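Notes to accompany the following structure.
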2 protein chains.
Amino acid sequence: MAAVRDGGLRVTSARRLLIEALWEADEPLSAEELLERLGGRSDLGSVYRNLEALERLGLIRHVHLGHGPGLYARSSLGPREYLLCDSCGAHIAVDPSELDEVRSLIRRRFAYEARFNHFPVAGLCPKCAKERER
Amino acid sequence: MAAVRDGGLRVTSARRLLIEALWEADEPLSAEELLERLGGRSDLGSVYRNLEALERLGLIRHVHLGHGPGLYARSSLGPREYLLCDSCGAHIAVDPSELDEVRSLIRRRFAYEARFNHFPVAGLCPKCAKERER
DNA sequence: ATACTTGCAAATGATTTGCCAGTGT
DNA sequence: ACACTGGCAAATCATTTGCAAGTAT
């Protein structure tokens, strides 16, 4: 809560509840899922506004896993980059270091600095890839 | 047009106009941009329905470059995979073979079969990456 | 006290869907 | 003829914004 105040935000009950929900979660949640966990003691507009504010402070991040809503998680959940299956929606989160080789390959070829924390690596998971082999 | 009929679709004027617009374009366009090129001689509902139908036949593909609307292009525009800059929106299209090394690295590490034709590689383009170096 | 926030409603952007008159085969 | 489509409107999903009343500092 200190970080919130230091960031120039007031500690309101809607905000505190949202933060608690985010801190209790061990995977990214949508705004709607978060609102449910608040027992309706807020509304979607406020949830989105607060998510944006907390993200500006760097306390949380959000990722887009395919279509569907954005998913939010506390930054302290650890740096994560994602691989998503286009076919079944399965996804895995990995430490950025696991993608360093991929990143440097892309850097050498295209001079792009690839990031898979906001938009994942898309493709086919092992199971779906196998199913399409034939 | 033969491919359309073979696919079980009728060749209607709305459909033909849409196909012409797609075939004249040399980069992916949104449904709205396509409708403009039809001079309003159709409507968004039909455009989306036809885009979906043509995509089912494999005649076109669509890509999501960041937020914003999906972008559609004829498949014959050539196999393309995309790199997108999260910061300035710049993007480049490359032949899949240029990403084969990246793909096999990801395959070895995660057994995922990466595809960057529907969702791009996201990150920072050379210019934006340089600006953040300091 | 007063600036920041909330909850509610309405607006927005992208896309989908229901309906029925119109048209390709 | 008859099923497939088109155009129009309304619905949906995710997210943003306006506003007046409420609250943290």
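Worth saying up front: this structure is predicted, and the values here are computed from it rather than measured. So that the names make sense, note that chain A is the first sequence line, chain B the second, and so on, each numbered from 1. The analysis underlying the following values was restricted to heavy atoms, covering all of them including side chains, and did not include hydrogens, waters or symmetry mates.
Remark: Thr12(A) is not in phosphate contact with dA24(D), judged by side-chain N or O atoms under 4.0 Å from OP1 or OP2. When the side-chain nitrogen and oxygen atoms of Tyr48(A) are compared with OP1 and OP2 of dT16(D), none of them lie within a distance under 4.0 Å.
You won't find any donor-acceptor pair under 3.5 Å spanning the side chain of Arg16(B) and the base of dG6(D), going by distance alone. Applying the 3.5 Å distance criterion, the base of dG7(C) shares a donor-acceptor pair with the side chain of Arg49(A).
Separating the CZ atom of Arg56(A) from the C1' atom of dC4(C) is a distance of 12 Å, rounded to the nearest angstrom. Distance CG (Leu35(A)) to P (dC8(C)): 10 Å, rounded to an integer number of Å. Per the geometry, CG belonging to Leu51(B) stands 14 Å off P belonging to dA14(C), to the nearest Å. Nucleotide dA14(C) holds its P atom 11 Å from the CG atom of Leu71(B), rounded to whole Å. Following rounding to the nearest Å, Ile19(A) (CD1) and dT6(C) (P) show an atom-to-atom distance of 10 Å. Distance CG (Asp43(B)) to C1' (dG22(C)): 14 Å, rounded to an integer number of Å.
In Glu32(A), the CD atom is not crowded: 12 or fewer heavy atoms of neighbouring residues, nucleotides or ligands sit closer than 6.0 Å.
For His67(B) and Phe119(A), the ring centers are positioned less than 6.0 Å apart.
Mapping Ser42(A) and Arg10(B) onto DNA chain C by nearest heavy atom places Ser42(A) at the nucleotide closer to the 5' end.
Of the candidates dT5(D), dT15(C), dG6(D), dT5(D) carries the atom nearest the Leu9(B) side chain, counting heavy atoms from C-beta on.
Of the possible donor and acceptor atoms, one in the side chain of Glu33(B) sits under 3.5 Å from a partner among the backbone N and O of Ser30(B).
Counting heavy atoms from C-beta outward, Val94(A) and Phe116(A) have side chains that stay 4.5 Å or more apart.
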